[in-house]
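Please read through the structure below; I'll follow up with questions.
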Amino acid sequence: MKRLLLPLLLMLTLLSCYDRHGDDTRRSMYYWSTVLDIDSAKADFIDRHGVGRIYLRYFDVVRDASGALTPNATLAFKTGVPHGVETVPTVYITNDCMLGDVGGLAEKICLRIKQMSRTNDIDGVKEIQMDCDWTRLTRKRYFRFLEELRALAHADGLTLSVTILHQLSQPAPPADRGVRMMYNTGDFTDLACEKPILDMRDAAPYMHRLHSYRLHLSSAYPLFGWRILFRRGRYVGIMHKDDDLPVLPGDSIVVRQPSLGDIMTAVKAVGRKRPDANREVILYDLSNPNISKFNPDDYEKIFNH
């Protein structure tokens, strides 16, 4: 009996190192809306696929008409985050905010994040994330802002992560880790660009820098799509609803949506260049239309890569 028990205990110990899906990839989602509403469809997706972390957009920071930096589109909490799912408060900062004085911005963001978490019973926060499409022009000011923010976060026992889009060719920001956003690779305003959300041919010029990038990385992949209105071949706008924009005779509405094949091609390309960047796979984002685009086995393929 003892001879049988020892292998059994060893097997149970090994199995406990993995989740019920049989892999050690961390499964995460972005939630990018103005209202947090984890309904039954989202809750089922989270449970079915073992999602353990949600990057939750708390608010944006924009420059208003007077030039002042101000919060915008603050998240309203209709529900909470499911029990046992880690929350990473995420703030989107428009790049033009970094064109002027950002003194005191880091402290204000930290304070607002703490107030929102406390008010809405978001417990166990370990990390905050900044999302900014910074450029060479704004890099120095943005990096100084991040240095101040990281010091404040560390004082509160938190880590700081940042998003990385096209900036792989530039120095890594002063953060604890980054999320490589594998989307918005093309020009969605160009009618001839058939895959503006994700086309590895557009991402290829940056991929060779991935393996040597001096920041711990996770990877985010797109589920979302766009309906784009063109008039006489020229971009008019993105249509979130049918009546968002006036549609005239002769206008074209095109749908841009990455296929499962596009996503898997990106996942495998990242895995070849930087396997550790796929130790956490994040899908963008947790909305009912996005989580119903593929069947459950397809989402498992993405997470399991």
Asp176 versus Thr159, side-chain donor and acceptor atoms under 3.5 Å: no
Sole candidate of Leu191, Asp190, Ile197 that passes side chain to side chain contact (heavy atoms under 4.5 Å, CB included) when paired with Cys193: Asp190
Residues in side chain to side chain donor-acceptor pair (under 3.5 Å) contact with Tyr30, at least two apart in sequence or another chain: Gln129
Side chain to side chain donor-acceptor pair (under 3.5 Å) against Arg209, all qualifying residues, sequence neighbours excluded: none
Connected via hydrophobic side-chain network under 4.5 Å: Leu152 and Val61: no
ILVMFWY cluster, Val62 and Ile113 together (side-chain gap under 4.5 Å): no
Modelled atom types, side-chain donor and acceptor of Lys293 and Asn290, under 3.5 Å: yes
Near-ring test Phe143/Trp134, centroid separation under 6.0 angstrom: yes
Geometric cation-pi criterion, Arg112 with Phe59: 6.0 Å, 45°: yes
Cluster overlap Val247 with Ile228, hydrophobic side-chain contacts below 4.5 Å: no
Aromatic plane relationship, Tyr284 with Tyr183 - under 30° parallel, 30 to 60° tilted, over 60° perpendicular: tilted
Ser117 (side chain) donor-acceptor with Ile122 (main chain) under 3.5 angstrom: no
Polar contact flag, side-chain donor to acceptor under 3.5 angstrom, Tyr55-Arg53: yes
Results of ring-ring contact (aromatic ring centres under 6.0 Å, His included) for Phe294 - residues two or more places apart only: Tyr299
Ring geometry between Phe77 and Tyr58 (parallel below 30°, tilted from 30 to 60°, perpendicular above 60°): perpendicular
Parallel, tilted or perpendicular, as decided by the 30° and 60° cut-offs, for the rings of Phe230 and Tyr235: perpendicular
